[in-house]
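Written out below as C-alpha cells is the structure these notes cover.
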Amino acid sequence: MSGNTFGTVFRVTTFGESHGEALGVVIDGCPAGLKIDVKHIQKALNRRRPGAAADGKPNAAVTERKEDDEVEILSGVFNGVSQGTPISLLIRNKSHKSNDYADIANTFRPGHADFTYYAKYGTRDWRGGGRSSGRETAARVAAGAVAQLLLEKEGIKVTAFTLKAAGIQCKKIDFDDIEKNPLRAADCAAAAEMEAKIKHLKETGDSAGGIIECVVKGAPAGLGEPVFDKLDAEIAKAILSIGAVKGIEFGEGFHVADMTGSQNNDPMRTGSMPDLISFETNNSGGILGGISNGNEIVFRAAIKPVPSIFKPQRTITVKEGKIENTDLVIEGRHDVCICPRIVPVIEAMTYIVLADMYLRNGCTKT
C-alpha cells in the first residue's frame with residue numbers, strides 16, 4: 001500500500017484504521033521555528049470528530065459514535081516550537097465497537113470499499129472499513145491544522161461550508177451562519193430545511209449527499225507548479241482523495257461549457273498596492289494556467305450519500321472461496337449525511353496543498 005503520503009515539500013503521511021489502536025500523521029518539511037499550538041490542533045479535530053455539531057446541539061446528520069479525538073504530539077516539537085524535524089501526531093481510538101461489524105466480516109457492503117480492497121489485497125479489515133473508513137480523515141485534519149498555523153501568518157484563510165444537502169441549497173452565503181447550524185451551511189434558514197429532510201431520511205433508514213463549497217482568501221498570485229503540479233490539479237487530487245468526494249469544479253465549473261469566451265474571461269483592471277491587478281469577475285475560481293491569480297480561490301466538491309443505510313440491500317458474501325448472493329441490513333452507528341463533518345476535512349486538505357505550494361514557491365525565482 002504505497003499511496004499514504006501527500007505533498008512534495010510539506011509532506012504528510014497518515015496511518016491507522018477506524019477500529020485499530022490509533023490513527024496518526026507524520027508531517028515532514030514543516031519549517032523550524034513555527035509555534036505549534038496544540039489547542040489549535042485540538043479545536044480543528046473537535047469540529048470533525050464523531051458526534052460533533054457545529055452549534056453544539058444534537059445532530060441528526062452524524063453518527064452517535066463518541067470519540068474524544070485527543071491529539072498527542074510525539075515528536076518534532078520542543079517548547080511549543082517546530083524543530084524542522086518530522087512532527088508526529090497521534091489520535092487514539094477509544095469508542096470503537098468492532099462487534100457491530102462481526103456479521104459482515106464476509107459480506108461486502110454496497111457503496112463501500114469492501115470489495116475493491118479485497119480485490120486489490122486479498123484481505124480486508126472489516127471493522128468499520130479499516131483504512132478506507134472516513135475516520136482516517138482525523139489524521140488529515142490534524143496535519144491541516146499545522147499547515148494553517150504556517151499560512152495564517154501570510155494572511156491566507158480557508159473557509160468551507162455546506163452549500164447543498166439532501167437536495168436543498170443555500171439561498172444566501174453568509175460565513176457567520178456556518179458555525180450556527182448543525183449542517184455547517186452558510187444559510188441558517190436553508191440549514192433548517194436540510195435538517196428536517198435528513199431527519200426524515202434517517203427515520204426511513206436512508207442517507208443523503210450534498211455539495212461543499214470552499215473559498216480561499218488571501219492567497220497571493222503565483223502559487224502552483226506547472227505543468228503537472230498545477231494548483232487546481234493538486235487541490236483536485238487532495239479533495240478527491242477524500243473517500244466521500246465524487247466530483248470537483250472550480251469557479252463556474254461545468255457551467256463554462258455553455259458560456260462564450262467573452263462571458264467566461266475575467267476582465268482585468270489596474271489595482272492598488274498590494275494588488276496591482278484586479279478582476280471584475282471570478283469565473284476561473286482564482287486559478288489561471290494552474291497558478292493562483294490573486295483572486296479568491298473557489299471550488300465545490302460533490303459528496304455522495306453515506307453508503308451505510310439501514311434498508312435491505314442486495315450484495316454477496318465470500319466464504320471459503322465460495323461466492324453467494326445475499327441480502328444485507330447494516331447495523332451500528334453511522335452518519336446520515338457526512339457534509340457537516342467533511343467541511344473541516346476539505347479545509348484541512350486545502351491548507352495542506354497551499355502550505356506545500358507556498359514552500360515550493362520559495363525557490364521559484366531570486
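These numbers come from the heavy atoms of this one structure, side chains and all, not from hydrogens, waters or symmetry mates. Bear in mind that the values here come from a model prediction, so they are computed numbers and not experimental data.
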Between the side chain of Asp266 and the main-chain N/O of Asn283, is any donor-acceptor distance below 3.5 Å?
yes

Quick one: does Ile211's side chain get under 4.5 Å of Gln169's, heavy atoms only?
no

Given Arg140, which partner from the list Thr14, Ile346, Val12 fulfils the side-chain contact (heavy atoms from CB on, under 4.5 Å) test?
Thr14

Hydrophobic cluster identity match, Ile342 and Ile309, side-chain contacts under 4.5 Å:
no

Thr364 side-chain N/O to Asn361 backbone N/O, donor-acceptor pair under 3.5 Å:
yes

Assess whether side chain to side chain contact (heavy atoms under 4.5 Å, CB included) is satisfied between Ile198 and Leu183, documenting all intermediate values.
CA-CA 10 Å; Ile198 289 168; Leu183 271 297; 3.6 Å; yes

Mutual orientation of the aromatic rings belonging to Phe115 and Phe108 [parallel < 30°, tilted 30-60°, perpendicular > 60°]
perpendicular

For side chain to side chain contact (heavy atoms under 4.5 Å, CB included), just list the numbers for Ile27 and Arg11, CA-CA rounded to whole Å, side-chain angles, deciding distance to a tenth of an Å, and then say yes or no.
CA-CA 6 Å; Ile27 306 168; Arg11 293 170 59 85; over 6 Å; no

Looking at the rings of Phe310 and His334, which for Trp means the six-membered one, are their centres under 6.0 Å apart?
yes

Looking at every heavy atom in both Gly286 and Ile297, which two are closest together, and how far apart are they?
O-CG1, 4.1 Å

Would you kindly say whether Arg360 and Thr8 are connected by a side-chain donor-acceptor distance under 3.5 Å?
yes

Any side-chain donor near an acceptor of the partner, Thr260 and Gln263, under 3.5 Å:
yes

Can you name the nearest heavy-atom pair linking Val158 to Tyr351, along with the distance?
N-OH, 3.0 Å

Any donor-acceptor pair under 3.5 Å linking the side-chain atoms of His112 with those of Ser308?
yes

